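Presented below is the structure to which this report refers.
Computed from heavy atoms alone, side chains included, the values below leave out hydrogens, waters and symmetry copies. Small disclaimer: the values here were computed from a predicted structure and weren't measured. FYI, the numbering just counts along the sequence from 1.
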Amino acid sequence: MTDKLSSIQSWLEEQQLDVAYFSDFHSIDYLTGFNSDPIERVLALVVFPQDEPFIFAPALEVEAVKNAGWTHPVYGYQDQENPWDLISQHLHAHTQHTEKWAVEQEQLTLKRASLIQTAIPEAKFIGNLSPLMTKLHLIKTPDEIVKLHKAGEDADRAFEFAFKALQAGVSELQVMAKLEYDLKSSGVVGMSFDTLVQFGAHAAEPHGDTSNNTLKSGDLALFDLGTIYDGYVSDATRTVAFQSVSDHQREVYDVVLEAELTAQAAAKPGMTAGELDGIARDIITKAGYGEYFVHRLGHGIGSSVHESIQIAQGNDLVLQPGMSFSIEPGIYIPGDLGIRIEDSVIVTESGVDPYTHSPKELRIIE
Ligand code: MN
Ligand code: MN
């Protein structure tokens, strides 16, 4: 039994619950090491306080579950079978206590809950696993930290591929395709979110997309990307100048850089998330660009790029060693430019350790 599964069992005991039913494939990956999105098929991890846990999976995934190192039973179902009746049979074969359930309330749909209820009429959905999973994700283990650093190294290489792909007239989509081609050719299994490449004024839309917009001399080019390493992800942003840089672009860049470097140097255990956001925000505000910093400073990162931590104004979450999040100040002036610099970091005993290391002083790509 892994430590993570044992912690679920202890929680069930404390809460006096009979069954933990996990249906979010991210949670199943976190707890078992088996990573697959079942799309519309049924994938579940079922854990009990005492009895042996099992995984229920589409038949075509059963070998992959075993190959992922899962040593407890895994049961498959074929597409013509009723998965809920089978889950009921396996459940009753594993345990005599099947009434009090905890489910991922933020993930399990009402439709699926009612299908479970029909197949297992005694099931009562009492506990919520979603907050428990959020809490488990908050502090990274040494093994997870190693994987995050590996994901960061791949992101650093991605920037080098990206910069090489810049030339006059190239489109954002072409650069995105080229950098992902080079990265995957070098063995990276995937991106952790849709790569963002934005040139010139287009980068002033921080939630915009990668488009057919083309690169001109004197544009800034923004790259926001992340990679996956053994289920753990990176998230980083660099902004570079193409062929030349104006005084105005450099001035704004230097403000963002100062905000990023200062926040990274100041971050440490015991500080609140809101205080950290404020350190970067004050620098940008004092420079006169406060109205153009339109998002929080950062967010939690681990097995996905949207974990619960919010490095945001007013958040009194206290930073602790092992937490992992982004530090990503930006200035977005509509019709003019967008600049963001982002690193992923892990809180240590005395500060933070970034796991992306691409240079941050303004680069001019010829
Ligand atoms: Mn990002
Ligand atoms: Mn981010």
Side-chain angles (χ1 to χ4, degrees), residues 152 155-156 159 196 198 200-208 219-226 234-241 245-301 305 309-319 323-334 336-348 350-364:
D156 287 335
F159 287 123
L196 188 64
Q198 292 177 309
H202 188 213
E205 299 169 35
H207 254 192
D219 276 348
L220 295 177
L222 182 152
F223 303 89
D224 188 348
L225 55 86
S234 52
D235 179 9
T237 306
R238 291 293 183 269
T239 308
V240 296
V245 60
S246 70
D247 290 346
H248 166 63
Q249 288 168 329
R250 188 179 285 282
E251 181 200 311
V252 180
Y253 188 93
D254 286 344
V255 174
V256 178
L257 181 60
E258 189 192 345
E260 210 267 353
L261 293 174
T262 307
Q264 216 178 96
K268 61 171 194 261
M271 160 186 281
T272 68
E275 283 166 356
L276 182 56
D277 180 286
I279 287 168
R281 199 166 299 280
D282 281 353
I283 289 168
I284 292 174
T285 302
K286 280 186 185 134
Y289 296 102
E291 66 182 294
Y292 301 119
F293 180 18
V294 289
H295 54 72
R296 65 192 171 190
L297 182 64
H299 55 84
I301 300 174
V305 284
I309 294 173
Q310 306 276 332
I311 307 296
Q313 295 177 83
N315 185 359
D316 53 16
L317 173 80
V318 176
L319 303 185
M323 287 182 171
S324 167
F325 51 82
S326 66
I327 294 180
E328 49 178 307
I331 294 177
Y332 313 94
I333 306 176
D336 180 7
L337 57 73
I339 295 168
R340 179 166 64 257
I341 303 172
E342 172 181 27
D343 280 325
S344 305
V345 305
I346 294 158
V347 181
T348 64
S350 59
V352 296
D353 191 11
Y355 49 99
T356 43
H357 299 280
S358 290
K360 288 183 280 197
E361 56 278 8
L362 182 57
R363 279 172 74 165
I364 301 170

Give, for atom CG of Leu317 and atom CG of Leu319, the distance between the pair rounded to the nearest 0.5 Å.
6.5 Å
dist Arg296:CZ -> Ile309:CD1 (nearest 0.5 Å) comes out at 11.0 Å
Step by step, work out the side-chain contact (heavy atoms from CB on, under 4.5 Å) result for His248 and Ile333.
CA-CA 12 Å; His248 166 63; Ile333 306 176; 4.2 Å; yes
For His295, enumerate each residue passing the ring pair (Phe, Tyr, Trp, His ring centres under 6.0 Å) test, keeping only those at least two apart in sequence or located in another chain.
Phe293, Tyr332
Do Leu276 and Leu297 come within less than 4.5 Å of each other through their side chains, counting heavy atoms only?
yes
Can you tell me how far the NZ atom of Lys360 sits from the OH atom of Tyr253, to the nearest 0.5 Å?
9.0 Å
Got a sec, which residues hit side-chain contact (heavy atoms from CB on, under 4.5 Å) with Ala221, two or more places apart in sequence or on another chain?
Leu166, Phe199, Phe223, Val240
Distance col, row Leu220:CG vs Arg250:CZ, nearest 0.5 angstrom, shows 10.5 Å
Closest non-hydrogen atoms of Ala280 and Ala259, given as atom of the first, atom of the second and distance, are O-CB, 3.8 Å
To the nearest 0.5 Å, what is the distance between CG on Leu362 and CD1 on Ile339?
8.0 Å
Quick one, Val347 with Met271, criterion side-chain contact (heavy atoms from CB on, under 4.5 Å). Give me CA distance, side-chain angles, the key distance, then yes/no.
CA-CA 11 Å; Val347 181; Met271 160 186 281; over 6 Å; no
Enter the distance from Glu258:CD to Ile283:CD1 here, rounded to the nearest 0.5 Å.
4.5 Å
Of all heavy-atom pairs between Ile327 and Gln264, which one has the smallest distance, and what is that distance?
CD1-CA, 3.9 Å
Considering only heavy atoms from C-beta outward, does the side chain of Arg238 approach that of Ile341 to under 4.5 Å?
yes
Measuring only between side-chain heavy atoms, which start at C-beta, is Ile301 closer than 4.5 Å to Tyr355?
yes
Heavy atoms of Ser350 and Lys268 approach each other most closely as O-CB, 3.7 Å
For Asn315 and Ala273, indicate whether the former's side chain and the latter's backbone hold a donor-acceptor pair under 3.5 Å.
no
Can you confirm whether the side chains of Thr356 and Asp343 place a donor and an acceptor under 3.5 Å from each other?
yes
Ile331 and side-chain contact (heavy atoms from CB on, under 4.5 Å): which partner among Val252, Val294, Thr239?
Val252
Is there a donor-acceptor pair under 3.5 Å between the side chain of Asp224 and the backbone N or O of Leu196?
no
Compare every heavy atom of Ile284 with every heavy atom of Pro329, then report the nearest pair and how far apart it is.
CB-CD1, 3.9 Å
Between Glu328 and His299, does a side-chain contact (heavy atoms from CB on, under 4.5 Å) hold up when you go through it step by step?
CA-CA 9 Å; Glu328 49 178 307; His299 55 84; 2.9 Å; yes
Phe325: ring pair (Phe, Tyr, Trp, His ring centres under 6.0 Å) partners, not counting sequence neighbours
none
Which pair of non-hydrogen atoms, one from Ala204 and one from Pro206, has the smallest distance, and what is that distance?
O-CD, 3.1 Å
